[in-house]
Chemist: 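Got a structure for you, written out below as C-alpha cells; questions coming shortly.
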Amino acid sequence: MAYWLVKSEPSVWSWDQQVAKGAKGEAWTGVRNHTAKLNLMKMKTGEQAFFYHSNEGKEIVGIVKVVREHYPDASDETGKFVCVDVAAFKRLKTPVTLLAVKKDKRLAEMALLKQSRLSVQPVTAAEWTIICDMGGV
DNA sequence: GCCAACGTTGGC
DNA sequence: GCCAACGTTGGC
C-alpha cells in the first residue's frame with residue numbers, strides 16, 4: 001500500500017471542486033512530466049494521496065483516494081500521458097503548510113521539499129503518519 | 001550525443 | 001515580479 005501526494009493550483013483545480021465531485025471522483029489530468037507519469041502508473045485503486053495546494057495556500061488540505069487506475073489522458077494530444085481518477089476522502093482538520101513541513105526535521109527528505117516541481121510524488125509510510133497527525137486525521 | 005537556449009513550475 | 005530548479009528543444 002503506497003502513499004502519494006498530488007499538487008494542484010487552487011485557481012485551476014481546488015480541493016473544494018474535488019469535494020464537489022463526491023465519491024465518483026474526477027480524472028486527475030494534465031500531468032506532462034515523465035517522472036510524475038511513472039508515479040501515476042504505480043497508483044492502485046484504494047491508495048491514498050495528499051492533496052496539496054501549490055502557489056496559493058501552499059498547504060496540504062485533504063486526502064484523496066484512487067478510484068480508477070491509470071488510463072490515457074484525454075487532454076493529451078500526443079497520447080503519451082496518463083491520468084487516474086481520484087475522489088475526495090477526508091479534509092484535514094488543520095491544513096499542513098509547506099512551512100510546517102520544512103520546520104519538521106523528520107520530513108526533510110520529502111519529495112515536496114527535494115523535488116518541488118514534481119506534481120505527483122511518493123510519500124513514505126512514516127511521512128504519511130506524521131502529516132496525518134499534524135493535520136488532525 | 002552534447003549542450004546552450006528557452007519555457008515552465010512554484011516558492012519567496 | 002523575480003529567480004532557482006529543471007525539463008525540453010534544436011543546432012551542431
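Excluded from the calculations below are hydrogen atoms, water molecules and symmetry mates; all remaining heavy atoms, backbone and side chain alike, are included. Lettering follows sequence order; numbering is per chain, from 1.
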Chemist: Take atom CZ of R32(A) and atom P of dT9(B), then tell me their distance rounded to the nearest Å.
Modeler: 11 Å
Chemist: Calculate the interatomic distance between H34(A) atom NE2 and dT9(B) atom C1'; express it in whole Å.
Modeler: 16 Å
Chemist: For K114(A) and dG10(B), give me the distance from atom NZ to atom C1', rounded to whole Å.
Modeler: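 Rounded to the whole Å, the gap is 18 Å.
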Chemist: Within the distance-only criterion (no hydrogens, no angle test), does the side chain of E69(A) pair as donor or acceptor with the backbone N or O of T45(A) below 3.5 angstrom?
Modeler: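 Flag set: sc E69(A) to bb T45(A) pair under 3.5 Å.
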Chemist: Distance-only, no hydrogens or angles: does the E26(A) side chain make a donor-acceptor pair with backbone N or O of A20(A) under 3.5 Å?
Modeler: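 Between the backbone of A20(A) and the side chain of E26(A) there is no qualifying donor-acceptor contact (under 3.5 Å).
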Chemist: Under 4.0 Å between a side-chain N/O of Y52(A) and OP1 or OP2 of dG11(B), yes or no?
Modeler: yes
Chemist: Using the rule that two of Ile, Leu, Val, Met, Phe, Trp, Tyr join whenever any of their side-chain heavy atoms come within less than 4.5 Å, decide whether M134(A) and F51(A) are in one cluster.
Modeler: no
Chemist: Do T129(A) and Y3(A) have side-chain heavy atoms sitting under 4.5 Å apart?
Modeler: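 No - every pair of side-chain heavy atoms lies 4.5 Å or more apart.
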Chemist: Side-chain heavy atoms under 4.5 angstrom apart, residues restricted to Ile, Leu, Val, Met, Phe, Trp, Tyr: same cluster for W4(A) and L113(A)?
Modeler: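 Different clusters: W4(A) never reaches L113(A) through Ile, Leu, Val, Met, Phe, Trp or Tyr contacts under 4.5 Å.
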Chemist: Counting only side-chain N and O atoms of K7(A), is one of them less than 4.0 Å from OP1 or OP2 of dT9(B)?
Modeler: no
Chemist: Can you check whether G136(A)'s main-chain N or O pairs, donor with acceptor, with T94(A)'s side chain at less than 3.5 Å?
Modeler: no
Chemist: What is the separation between atom CD on Q115(A) and atom P on dC6(C), rounded to the nearest whole Å?
Modeler: 8 Å
Chemist: How many Å lie between CG on N55(A) and C1' on dT8(B), as a whole number?
Modeler: 11 Å
Chemist: Roughly how many Å is it from CZ in R117(A) to C1' in dA5(C), rounded to a whole number?
Modeler: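 Spelled out: CZ on R117(A) to C1' on dA5(C) is 6 Å.
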Chemist: Using the side-chain heavy atoms of K58(A), tell me which of these nucleotides is nearest: dC6(C), dG10(B), dC12(B).
Modeler: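 When the side chain of K58(A) is considered, dC12(B) is the closest of dC6(C), dG10(B), dC12(B).
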Chemist: Separation of H53(A) atom NE2 from dT9(B) atom P, in whole Å?
Modeler: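 It is 17 Å, rounded to the nearest whole Å.
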Chemist: Is there a path from V19(A) to F89(A) through hydrophobic residues (I, L, V, M, F, W, Y) whose side chains come within less than 4.5 Å of each other?
Modeler: no
Chemist: Check each residue of residues 102-112 of chain A for a non-hydrogen atom within less than 4.0 Å of any atom in DNA chain C, then write out the ones that pass by number, or none.
Modeler: none
Chemist: Given atom CD of Q121(A) and atom P of dT9(B), what is their separation to the nearest angstrom?
Modeler: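 After rounding, the reported distance stands at 15 Å.
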